[in-house]
Amino acid sequence: MKQMVGVLLLALLLTACAGGQAEETQGSKQPETSETDEKAAEQRNGESDKETDEESEDKNSQSEADEHKKDETVVANAVEPKYEITDTWSFKPIDQANEQVALLTFDDAPDEHALEIAKTLKELEAPAIFFVNGHFLDTSEEKKVLKQIHELGFAIGNHTATHTSLPTLSKEQQKQEIVGLNDKVEEIIGERPQFFRAPHGQNTEYSKQLAAEEGMLVMNWTYGYDWNAEYQDAERLADIMVNTELLYNGANLLMHDREWTAKAVPEIVKGLRGKGYELLDPSLIKTP
Ligand SMILES: [Zn+2]
C-alpha cells in the first residue's frame, strides 16, 4: 500500500505539481488532566448516541516536499473504503467485503501499556486504533512511544487533550480539546488523526462539527468491559470480550490502556479469530 501510494504520488508529481498550502499548527493543550475512563458512560453495550463525521487525512510523506500536499490528498482519497460506520457504531461492508469483522480499539493511550499492546498486536498481525489523550503526550518519552505505536502500523485516533466531558466545555475549550490535540499528534507523527472518540462517548453538536471539519470519523463503540471491576482480570476479560452476546458482525470493541487488558489481548485476538471474525483494518473504514 505504501508502495502504491508512493508510485501514485510520484506519478502525480511528474504530471503536475501544485503549490502547497502550509498547514498551520496551533498547539494548544489544556493543562487539565482528568483522566478517567469511560466508566461513566459505560454501557455494557455501549452505544450512546449520535453522530458521525469525518475528515480527510493528510498523509504526508515527509520525504517529499510539503508543496505537494494537494496531490497527496488526491492520493489519499483514491484509497477505496470498504466499510462504513452504522448508527449503532458498528461497521458494515460497503460492497462485498467480508461482513464478519470486528474492530479493536484502545482508549486512554499511550499510558503505561499501549506500546506493549501494540507490539503484541503486531506479532499477531492484528490491526487496531489507539485513541490517544493529549495529557499522555507531554514529555519527549511519551511522544516517542506514540511515534513507535504509529510506526508499528496502528491508526491513531483523537480522544481529546484532557479527557474532559465535552458537554461541560465552551466551544473554544472543545476546540482546544479536539483541534489542539490533532495539531499535537501531527507534530509528533506527521499525520492528523482520522478517527475521533469523545471521552465517555459524550459528543456535542459542536464537537461533531469540529470532527467533521477535521475530517475525522466520530465513533463510540458497541461493547467493552475492561473498566468494570469484575473484568479487571485478563482471563475473565478475554472470556467476556469473545463470548459476550454483544459480539456480532461489525462489532466495535472498546478497551483501554490497562494492565489486565494488555495481558488479555492475545486471547482476545485468538478468540475472535477462532469464532471466524476478521479484525477490521481501520484504513478500510470510510472517513468523512
Ligand atoms: Zn477514555
Side-chain angles (χ1 to χ4, degrees), residues 29-53 85 89 103-118 121 128-138 142 145-146 149-150 154-169 173-174 176-182 184-185 193-204 207-208 210-211 214 216-232 237 241 246 251-262 264-265 268 282:
K29 54 206 86 175
Q30 253 157 239
E32 183 89 7
T33 297
S34 61
E35 97 113 88
T36 31
D37 332 328
E38 309 349 292
K39 47 168 101 96
E42 62 325 268
Q43 39 264 41
R44 250 182 171 174
N45 91 9
E47 73 251 47
S48 12
D49 16 20
K50 35 254 174 144
E51 91 268 11
T52 71
D53 51 52
I85 200 158
W89 310 115
L103 175 69
L104 302 182
T105 68
F106 297 88
D107 287 12
D108 300 349
D111 194 0
E112 295 182 24
H113 307 281
L115 183 55
E116 175 193 346
I117 291 170
L121 291 169
I129 300 174
F130 285 83
F131 281 97
V132 305
N133 305 10
H135 59 84
F136 289 135
L137 298 172
D138 292 322
E142 290 172 331
V145 167
L146 178 66
I149 294 171
H150 175 249
F154 296 97
I156 303 301
N158 180 325
H159 197 40
T160 74
T162 72
H163 206 275
T164 303
S165 172
L166 294 172
T168 68
L169 301 178
Q173 288 172 319
Q174 291 182 60
Q176 296 291 331
E177 288 287 330
I178 297 170
V179 181
L181 177 57
N182 274 4
K184 193 173 193 175
V185 169
Q194 292 181 265
F195 303 102
F196 177 73
R197 178 173 284 159
H200 317 295
Q202 298 169 331
N203 299 284
T204 66
S207 71
K208 289 186 278 186
L210 287 174
E214 285 284 307
M216 296 189 287
L217 175 68
V218 173
M219 69 167 77
N220 282 9
W221 56 92
T222 64
Y223 73 84
Y225 297 89
D226 70 354
W227 57 90
N228 288 336
E230 186 184 353
Y231 297 109
Q232 293 181 6
L237 177 62
M241 289 301 287
L246 298 174
N252 185 340
L253 282 55
L254 169 63
M255 290 168 279
H256 295 80
D257 181 326
R258 299 286 185 271
E259 184 181 1
W260 48 91
T261 303
V265 162
I268 291 171

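Nothing fancy with the numbering, it's 1 onward along the sequence. Read the numbers this way: they start at 1 and go in the same order the structure lists the ligands and their atoms.
Of all N, O or S atoms in Asp108, the one lying closest to the Zn ion (ligand 1) is OD1.
Within the 6.0 Å centre-distance limit, the rings of His163 and His200 are counted as a close aromatic pair.
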Stepwise side chain to side chain contact (heavy atoms under 4.5 Å, CB included) check, Phe196 with Lys208: CA-CA 9 Å; Phe196 177 73; Lys208 289 186 278 186; over 6 Å; no

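With 2.8 Å as the limit, Asp107 does not count as an N, O or S neighbour of the Zn ion (ligand 1).
Geometry at the Zn ion (ligand 1): NE2/His159 and NE2/His163 form an angle of 90°, nearest 10 degrees.
Side-chain contact check for Phe130 versus Leu146: every heavy-atom pair is 4.5 Å or farther apart.
In this structure, His159 NE2 and Phe106 CZ are separated by 13.5 Å, a value rounded to the nearest 0.5 Å.
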